[in-house]
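Just so it is clear, the structure is predicted and the values come from calculations on it, not from any experiment.
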Amino acid sequence: MTSAILQTPLPDGRVQCQICQWRCELADDEPGRCRVRWQRSGTIVNDTHALVEHAAIGPIEEVRLWHLFPDAQVLRVGSFGTPIAHIEDGSEISRHAVPTLKARVLAPERVAIVAQNQLCRGVVLTYGDPLIALEWTLDCLKLARAHSRFTAITTSGYFTPESFALIAPYLDGMRLDVYGFSERSYRALTGMDQWRAIFRIAAEARQRYNLHVEIAYQLVPGVNDSPAEIAALAKWLRVALGSLTPLHLLSDSADQETILRAVTAASAVGLRFVYGPTADQATLCPSCSRVVVSRGQGVTRLAGIEHDHCATCHTALGMRTSLFRRDVRYESVTT
């Protein structure tokens, strides 16, 4: 249990949590929507601090970060809680609100040491939304960076500006899980009306911090799978984040025709890298169509990349491949 680093006492004795967009105002012994943060004796605490739901080592491609250090082995680790009221389809975000019997303590120092000892190039905070475990997440990111690991998170993006400003300087990449591009879709799938604030955070991640951002769009048939909604999202991504921003269209229930329509709609407005659900898709240079990253049977190979450019035609690819180069461009231009 640890005290929240972002909280505001209110005149009536309640305390407002400033971690996520819900900004819950909690009376004594009352939990927030995440079910892991409580107000106790005038302060908000996280009962699951340093408790992890799951940890594993594997290729970064397994968390759908395909253009961030392709083929890197990473330590994936996550705690409990999510700001989303309910999820209908296909997300990796934890369904658990409280610790299960498999929970165990994993201090941030241990996260960094395990990643280093196991020769992992990076640490990815995932499973439960790392936002909810903000204090632990922040310490993990700082220490991973101190051990020369790259850092990334997977998140639904419900940050407040205050919470995002704390962790952004210690991040290299982010997978943003998106549930639509309309109030109707977000209300139906997540219970959140203020969905545009999520995309403002994504824009700040790119425009202020130049973070590597990939979008995972959870297709739910009959809710958010219309070509018009997907095209609107893709157009926003092209303008706000750049045409080289990867979009992953994922679903456990959509048929192949629906997925193909979605991919076509996103590609038609100028996004260069639009992927469907399957894991064996290659990355092609958007100019010369050469395979620059191949994926198949669990193996990823870099086939034609020099820094973040195509080795054949020198077109920018918007890929992060070095800890020492943060000036990656996310627009499709040729040098």
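A single hydrophobic cluster is seen to contain both Leu323 and Val74, as judged by linkage of ILVMFWY side chains at heavy-atom distances under 4.5 Å, directly or through other members. In the hydrophobic clustering of ILVMFWY residues, with side-chain heavy atoms under 4.5 Å counting as a link, Val111 and Ile113 come out apart. Cluster annotation: Val269 is not connected to Val263 through the hydrophobic network of ILVMFWY side chains, with a link wherever side-chain heavy atoms come within less than 4.5 Å. Under the 4.5 Å side-chain heavy-atom criterion for ILVMFWY residues, no single connected hydrophobic cluster contains both Val15 and Val36. When hydrophobic clusters are built by joining Ile, Leu, Val, Met, Phe, Trp and Tyr residues whose side-chain heavy atoms come closer than 4.5 Å, directly or via intermediates, Val123 is not grouped with Leu143.
At a cut-off of 3.5 Å, with distance as the only test, no side-chain donor of Arg104 or His54 sits close to an acceptor on the other residue. Judged by distance alone, the side chains of Thr190 and Tyr158 do bring a donor and an acceptor atom under 3.5 Å apart. Checking Thr258 against Asp225 by side-chain atom types alone, no donor-acceptor pair falls below 3.5 Å. Side-chain N/O atoms of Ser156 and Asp129 include a donor and acceptor closer than 3.5 Å. A donor-acceptor contact under 3.5 angstrom links the side chains of Thr8 and Gln18, judged on distance only. Using modelled atom types and a 3.5 Å distance limit, the side chains of Arg290 and Thr312 yield a donor-acceptor pair. With 3.5 Å as the limit, one finds a donor-acceptor pair spanning the side chains of Glu229 and Ser182.
The heavy-atom pair separating Thr151 from Ala144 by the smallest distance is CG2-CB, 3.8 Å. Closest non-hydrogen pair, Leu68 versus Gly173, comes out as CD2-CA, 4.0 Å. Arg206 approaches Val213 most closely through the heavy-atom pair NH2-N, 3.1 Å. Here the closest non-hydrogen pair linking Ala311 and Glu306 is CB-CG, 3.8 Å. Heavy atoms only, all atoms of each residue included: Ile230 and Ala266 are closest at CG2-CB, 4.1 Å. When all heavy atoms of Leu244 and Ala316 are compared, the closest pair comes out as CD1-O, 3.4 Å.
In this structure, the side chains of Pro130 and Ser79 stay at 4.5 Å or more apart for every pair of heavy atoms. Counting heavy atoms from C-beta on, the side chains of Val77 and Leu125 come closer than 4.5 Å. Looking at heavy atoms from C-beta onward, Gln194 lies in side-chain contact with Met192 at the 4.5 angstrom threshold. Using a 4.5 Å heavy-atom threshold, the side chains of Ile259 and Leu219 count as touching. Looking at Leu26 and Pro31, their side chains never come closer than 4.5 Å, going by heavy atoms from C-beta outward. Between Arg121 and Phe150 the shortest side-chain heavy-atom distance falls below 4.5 Å. In this structure the side chain of Ile305 reaches within 4.5 angstrom of the side chain of Leu317, judged on heavy atoms. Here the side chains of Leu247 and Tyr275 are not in contact, with every heavy-atom distance at 4.5 Å or above.
The distance from atom CG of Leu189 to atom CD1 of Ile84, rounded to the nearest 0.5 Å, is 9.0 Å. Here Leu106 contributes atom CG and Trp136 contributes atom CH2; the two are 6.0 Å apart, rounded to the nearest 0.5 Å. Within the model, atoms CD1 of Ile132 and SG of Cys34 stand 4.5 Å from one another, a figure rounded to the nearest 0.5 Å.
When the salt bridge (charged side-chain N to carboxylate O under 4.0 Å, His left out) test is applied to Arg145, the partners found at least two apart in sequence or on another chain are Asp172. With sequence neighbours excluded, the residues that form a salt bridge (charged side-chain N to carboxylate O under 4.0 Å, His left out) with Asp308 are Arg325.
Using bins of under 30°, 30° to 60° and over 60° for the plane-to-plane angle, the ring pair Phe181/Phe199 lands in the perpendicular bin.
Under 4.0 Å is where a charged nitrogen must lie from a carboxylate oxygen, and between Glu331 and Arg238 no such pair does. Under a 4.0 Å N-O distance rule, the pair Arg37/Asp47 does not qualify as a salt bridge. Of the charged side-chain nitrogens involved, at least one lies within less than 4.0 Å of a carboxylate oxygen, so that Arg261 and Glu257 count as a salt-bridged pair. Using a 4.0 Å cut-off between charged nitrogen and carboxylate oxygen, Arg40 and Asp29 count as a salt-bridge pair. Ion pairing of Arg295 with Asp280 is absent here, as no side-chain N (NZ or NE/NH1/NH2) approaches a carboxylate O to less than 4.0 Å. Residues Glu214 and Arg64 are not paired through a salt bridge, judged by the lack of any N-O separation under 4.0 Å between the basic side chain and the carboxylate.
Geometric assessment of Arg35 against the ring of Phe80 yields a negative cation-pi assignment under the 6.0 Å and 45° thresholds. The cationic group of Arg320 does not satisfy the cation-pi geometry with Phe69, failing either the under 6.0 Å distance to the six-membered ring centre or the 45° limit from the ring axis.
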*Show your working on ring pair (Phe, Tyr, Trp, His ring centres under 6.0 Å) between His248 and Tyr217 and close with a plain yes or no.*
CA-CA 6 Å; His248 302 265; Tyr217 188 99; over 10 Å; no
*asked:* As a quick check of understanding, evaluate ring pair (Phe, Tyr, Trp, His ring centres under 6.0 Å) for Trp195 and Tyr179, giving each step before the final call.
replied: CA-CA 9 Å; Trp195 61 281; Tyr179 298 94; over 10 Å; no
*Could you walk me through whether Thr160 and Gln21 pass the side-chain hydrogen bond (donor to acceptor under 3.5 Å, both in side chains) check?*
CA-CA 5 Å; Thr160 60; Gln21 291 182 34; over 6 Å; no
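More than 12 heavy atoms of other residues, nucleotides or ligands lie within 6.0 Å of CZ in Arg23, so this atom counts as buried by the packing criterion. Around NE2 of His307, the count of heavy atoms belonging to other residues, nucleotides or ligands within 6.0 Å does not exceed 12.
Sorted pairs that involve residues 283-305 and meet ring pair (Phe, Tyr, Trp, His ring centres under 6.0 Å), not counting sequence neighbours, are lacking altogether.
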